[in-house]
Amino acid sequence: MSTSFSSIPIVDFARLQNPETKEAELAVLQDAIFHVGFLYLVNTGLESLISDTHAKLPDVFAILTEDKEKVDMLNSPAFLGYTSLGRETTAKITDLREQFDFGSEVEDFKEGDPFWQKLEGPSQFPNESIKELVRRYMGSMEKLGKAFVGFAAESISLPRDTFDQFVGKMSRLKLVKYPISPAGSQGVGPHKDSISLFTYLAQDNVGGLQVLNKSGEWIDAPPIEGSLVINIAQGFEAITGGVCSGTTHRVIAPTSRTRYSIPYFQAVRLDLRLDELKQSAASIVDQIPVTDDKKKGLVDVPSELLSPLYESFGEAQLRNRIFSHPDVGEKWYPNEYQRYLKQLLK
Ligand SMILES: O=C(O)CCC(=O)C(=O)O
Ligand SMILES: [Fe+2]
């Protein structure tokens, strides 16, 4: 096992784009991808967008309760909408956070589409100004995400466009509020992000995000103004055959100031089948510059997304959404809800 990290590396996006500094910065990115699974991205050019958006969050969460209820996630088979405090579960414990989930604009579900296709659907916006805020932010994240996966590929000696074919249609954006809570409360419990390739998180200056290192210690990811915290999610982990593994993280609920955050989950194609995925993972693993010893240990990575229980990413993601939001899952996918519950109890 590689040495354990004790801090989160900082990657400079401007240096990645400058031919004179690119090689050196790709080496920093490679180290983050191989050994940490987390990094700060600075100098993205999105600093003012991030701070403007954060400045609006207290107002977003201050809208009337009845306006929040109108866009409740229970209305949405795509698991998009409002989730009130205490209705989300991670690692079997209730999370102390309130949030809105939104998605990129997508086509409607058509007759004959697979059952998990309803995971991609229309967003519910409480009002026009929130819609405008979300659309603007997501548009910029989409562009940044495209560029970032290109650099991620180059940093591990793959052609720049290697991961383009895996990017899905509907990325997700969450606006999250963690209210002041009793000391030691769970903001969100330990988890790997399952639904994305990479997650791009804009946290505020309150703190509380922690990352689990390979020795089992929780390492703080303190706020760095203007940065995005990027982490490998299970989509990227599966596509790289587990060579680039996702890292478990959590948020400790704040005790003196409300915390806000904006995670953007870069979509993975839902129609990607397990057999396709295994094939492409094998060819990617072949090209990645890590020792054969490390590769040998990775033939069957214990990733939920590579489980033979699911025919596709879409189905694996549906299961994940159902466990995070059981009330929504039971309402829209009663058969799958029962089936996945039984698998869990086995
Ligand atoms: O709010 C945060 O800082 C992190 C949130 C997170 O990890 C998630 O929603 O997956
Ligand atoms: Fe997360």
Side-chain angles (χ1 to χ4, degrees), residues 8 36-41 50-51 53-54 57-58 60-61 73 79-103 134 137-138 141 145 171-181 185-213 218-237 245-255 257-268 303-305 316-317 320-321 323-325 328:
I8 314 290
V36 185
F38 258 79
L39 59 103
Y40 292 96
L41 193 67
I50 292 171
S51 67
T53 309
H54 259 290
L57 292 189
V60 168
F61 283 93
M73 192 190 274
F79 295 80
L80 296 174
Y82 176 69
T83 304
S84 56
L85 193 66
R87 263 179 52 213
E88 191 194 23
T89 308
T90 303
K92 303 195 177 119
I93 296 178
T94 303
D95 299 322
L96 290 183
R97 62 179 186 172
E98 184 187 348
Q99 63 196 336
F100 294 93
D101 281 70
F102 303 99
V134 167
Y137 192 92
M138 288 193 84
M141 282 298 137
S171 294
R172 289 172 183 263
L173 182 79
K174 283 209 277 212
L175 305 179
V176 192
K177 173 181 175 180
Y178 298 87
I180 296 170
S181 302
S185 302
Q186 168 167 308
V188 60
H191 67 283
K192 286 186 178 185
D193 292 340
S194 65
I195 59 172
S196 42
L197 271 182
F198 289 95
T199 305
Y200 304 74
L201 169 76
Q203 56 172 340
D204 63 8
N205 60 8
V206 172
L209 177 65
Q210 294 186 326
V211 178
L212 192 64
N213 75 8
W218 287 103
I219 304 298
D220 284 327
I224 296 183
E225 202 181 333
S227 70
L228 287 167
V229 180
I230 300 184
N231 67 273
I232 296 177
Q234 285 182 305
F236 192 70
E237 176 177 288
S245 56
T247 301
T248 301
H249 53 285
R250 69 179 181 187
V251 173
I252 306 295
T255 53
R257 268 189 306 146
T258 302
R259 178 177 192 272
Y260 294 95
S261 73
I262 316 174
Y264 171 83
F265 301 90
Q266 184 177 35
V268 181
S303 165
E304 184 181 308
L305 296 186
Q317 292 203 7
N320 172 276
R321 295 293 77 202
F323 284 131
S324 293
H325 299 276
V328 185

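First listed ligand is number 1; within each ligand, the first listed atom is number 1. Quick caveat: nothing in here was measured; it's all calculated off a predicted structure.
For V176, the heavy-atom gap to ligand 1 stays at 4.0 angstrom or more. Ligand 1 is never approached by Q99 to a heavy-atom distance shorter than 4.0 Å.
Q317 contributes a side-chain N or O that, together with a main-chain N or O of I195, makes up a donor-acceptor pair within less than 3.5 Å. A donor-acceptor pair under 3.5 Å links the side-chain atoms of Q186 to the main chain of I93, judged by distance alone. In terms of modelled atom types and a separation under 3.5 Å, the side chain of Q266 and the main chain of L197 share no donor-acceptor contact. When atom types are taken as modelled, the side chain of D95 and the backbone of G189 share a donor-acceptor pair closer than 3.5 angstrom.
Taking the centre and axis of the six-membered ring of F265, the NZ or CZ atom of R172 falls outside the cone set by 45° and 6.0 Å.
Residue K174 has at least one heavy-atom neighbour below 4.0 Å for each of these atoms of ligand 1: 9 (O). For ligand 1, the atoms lying closer than 4.0 Å to a non-hydrogen atom of D193 are 10 (O). The contact set between ligand 1 and S261, taken as ligand atoms under 4.0 Å from a residue heavy atom, comprises 1 (O), 2 (C), 3 (O). Every atom of ligand 1 is numbered from 1 in the order shown, and the set under 4.0 Å from a heavy atom of V251 is 1 (O), 2 (C), 3 (O), 4 (C). The H249 neighbourhood of ligand 1 comprises atoms 7 (O), with distances under 4.0 Å to a heavy atom of that residue.
From the protein, the heavy atom lying nearest to atom 9 (O) of ligand 1 is R97 NH1, 3.0 Å. Of all protein heavy atoms, the one closest to atom 5 (C) of ligand 1 is Y178 OH, 3.5 Å. Protein heavy atom at the shortest distance from atom 8 (C) of ligand 1 is H191 NE2, 3.7 Å.
Rounded to the nearest 0.5 angstrom, Q99 CD and E88 CD are separated by 4.5 Å. Here CZ of R259 is found 6.0 Å from CG of D204. Values are rounded to the nearest 0.5 Å. Rounded to the nearest 0.5 angstrom, I50 CD1 and Y137 OH are separated by 4.5 Å.
Residues V328 and R321 fail the side-chain proximity criterion, which asks for heavy atoms closer than 4.5 Å. By the 4.5 Å heavy-atom criterion applied to side chains, L85 and P179 are counted as neighbours.
Looking at F265 against ligand 1, only its side chain comes within 4.0 Å, counting heavy atoms.
Neighbouring protein atoms of the Fe ion (ligand 2) (N, O or S, distance under 2.8 Å, waters ignored): H191 NE2, D193 OD1, H249 NE2.
Taking the six-membered ring where the residue is Trp, F38 and H249 present perpendicular rings, their angle passing 60° and hence far from 30°.
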